[in-house]
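Here is the structure we will look at, set down as structure tokens.
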Amino acid sequence: MKHIPVLLNSVMKALGSLHGKKVVDATFGAGGYSRAFLDAGATVVAFDRDPNVIADAEKLKEKFKERFKFMPFPFSHISELSDEYDAIVFDLGISSMQIDIPERGFSFRGDGPLDMRMSGTGGSAADLIAESSVEELARILKEYGDIKKSMLLARVIKNALPKTTHELKKLIRNPKDIAPVFQALRIAVNDEMGELTKALNAVPEKLKIGGKCVCVTFHSVEDRIVKSIFREWTSPVGDPRMPVLEEARFSLIRVAVPSEEEIANNSRARSAHMRGVIKSY
Ligand SMILES: C[S@@+](CC[C@H](N)C(=O)[O-])C[C@H]1O[C@@H](n2cnc3c(N)ncnc32)[C@H](O)[C@@H]1O
């Protein structure tokens, strides 16, 4: 299934007029956001570490020529951009195309190799299980999947060393834990939290004054990181014991969740949250 962009209207509202503006789309996916930014008159630099999206990126390049540039890299490479931008936008997680192909190993629905690599490089989920200690695996399940009996499940998984998505699924006794276990392994395989932290830390220096950063998150682990980094940026600067603190560098512009109607049309939107901030100096 083609990916349906989530919370795109809220993102566009948060960004305001984009005519002549320079925007970074950190997560190209199927290009739904990039296309909307380009249609609104922006110049777009788009990142995605999944080589399978290149064909869609080439189509946009053909149409929008020098107004569109695709960067086939992890979005932590934002730190290497030499310009300053009017907006940097993150639509986190995985796309419908990634979930729908069983061979990529992201989904417990179809059977496939236990892969889960967005970029197709580095260690797979099966490698991660084979190479982690029981304690490390339990930490991943607890921290990224909120699995209660994480030590017990980690031991079961380590003993069985599953190689396919269905082999892993069969080891999970509580059906409610299946989606969170898959999510936890995916986050670890792709170092999603390390990538997000590195990229967000690079954002303040890459935004113009008046520039905006907007993030759409899909689970509490990534939402917590965005919330805590945005809180830091929107807090007054300096020693809280001193009488005069410097004004915060950013202020909050918008928080949004999908409408009932969007969720009815696109179940992927269910857990989405959008947060945006604007750089004041
Ligand atoms: C939810 S989809 C984005 C969908 C897109 N906004 C659209 O409208 O089609 C997330 C995309 O971000 C990519 N991605 C996730 N983490 C990434 C990272 N650290 N660096 C680069 N791309 C990443 C994934 O490969 C996926 O294609």
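Just follow the structure's listing: the first ligand is 1, and inside any ligand the first atom is 1. The basis for the numbers below is simple: all heavy atoms, side chains too, and nothing from hydrogens, waters or symmetry mates. In this text, all values refer to a predicted model and were calculated from it rather than measured experimentally.
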Should [X] be counted as touching ligand 1, given the test is an N or O pair under 3.5 Å?
{"X": "Asp91", "answer": "yes"}
{"X": "Ala30", "answer": "yes"}
{"X": "Tyr33", "answer": "yes"}
{"X": "Gly32", "answer": "yes"}
{"X": "Val53", "answer": "no"}
{"X": "Asp50", "answer": "no"}

Identify the protein heavy atom lying closest to [atom], giving its residue, its atom name and the separation to 0.1 Å.
{"atom": "atom 19 (N) of ligand 1", "value": "Glu195 OE1, 2.9 Å"}
{"atom": "atom 12 (O) of ligand 1", "value": "Thr27 CB, 3.3 Å"}
{"atom": "atom 14 (N) of ligand 1", "value": "Met118 SD, 3.8 Å"}
{"atom": "atom 22 (N) of ligand 1", "value": "Arg49 N, 3.2 Å"}
{"atom": "atom 5 (C) of ligand 1", "value": "Phe28 O, 3.3 Å"}
{"atom": "atom 11 (C) of ligand 1", "value": "Asp48 OD2, 3.5 Å"}

Taking atom [atom1] of [X] and atom [atom2] of [Y], what is their separation to the nearest 0.5 Å?
{"X": "Asp25", "Y": "Ser34", "atom1": "CG", "atom2": "OG", "value": "3.5 Å"}
{"X": "Ser95", "Y": "Ile4", "atom1": "OG", "atom2": "CD1", "value": "12.0 Å"}
{"X": "Glu135", "Y": "Arg155", "atom1": "CD", "atom2": "CZ", "value": "8.0 Å"}

* cation_pi(Arg49, Phe73) dist<6.0 Å, angle<=45 ->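 So Arg49 doesn't make the cation-pi contact.
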
* Tyr85 ring centre to Lys22 NZ or CZ under 6.0 Å, with the angle to the axis within 45°? ->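 Cation-pi check for Lys22 and Tyr85: passes.
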
* To do: Return yes when atom NZ of Lys208 has more than 12 non-hydrogen atoms of other residues, nucleotides or ligands closer than 6.0 Å, and no otherwise.
  =>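 Enclosed: over 12 neighbouring heavy atoms sit under 6.0 Å from NZ of Lys208.
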
* Does NZ belonging to Lys149 count more than 12 external heavy atoms closer than 6.0 Å? ->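 Counting other residues, nucleotides and ligands, NZ of Lys149 stays at 12 neighbours or fewer.
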
Going by the atom numbers of ligand 1, which of them fall below 4.0 Å from some non-hydrogen atom of [X]?
{"X": "His3", "answer": "1 (C), 4 (C), 7 (C), 9 (O)"}
{"X": "Ile94", "answer": "1 (C)"}
{"X": "Gly31", "answer": "7 (C), 9 (O)"}

* Between Phe28 and Phe70, is the gap from one ring center to the other below 6.0 Å? ->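 Yes: the rings meet the under 6.0 Å criterion.
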
* To do: Establish, yes or no, whether a centroid distance under 6.0 Å links the rings of Phe90 and Phe75.
  =>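 Judged by ring-centre distance (under 6.0 Å), Phe90 and Phe75 do meet the cut-off.
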
* To do: Measure the shortest side-chain to side-chain distance between Phe68 and Leu38 over non-hydrogen atoms and say whether it is less than 4.5 angstrom.
  =>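 Side-chain contact under 4.5 Å: yes.
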
* **Option set Phe90, Phe73, Phe75, criterion heavy-atom distance to atom 18 (C) of ligand 1, minimum** =>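 Heavy atom nearest to atom 18 (C) of ligand 1 belongs to Phe75.
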
* **Under-4.0 Å salt bridge between Glu192 and Lys198** =>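 Not counted as a salt bridge, because no side-chain N and carboxylate O are separated by less than 4.0 Å.
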
* Applying side chain to side chain contact (heavy atoms under 4.5 Å, CB included) between Val181 and each of Ile140, Ile147, Asn174, report the one that passes. =>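 Among Ile140, Ile147, Asn174, the one meeting side chain to side chain contact (heavy atoms under 4.5 Å, CB included) with Val181 is Ile147.
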
* To do: May I ask whether Gln98 places a heavy atom under 4.0 Å from ligand 1?
  =>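 Yes, Gln98 has a heavy atom closer than 4.0 Å to ligand 1.
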
* Asked: Contact between Leu92 and ligand 1, counting heavy atoms under 4.0 Å?
  ->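 In this structure, Leu92 qualifies as a contact of ligand 1 - some heavy atom is under 4.0 Å.
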
* To do: Indicate, as side chain, backbone, both or neither, the part of Val6 found under 4.0 angstrom from ligand 1 when only non-hydrogen atoms are considered.
  =>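 The answer is neither; Val6 stays 4.0 Å or more away.
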
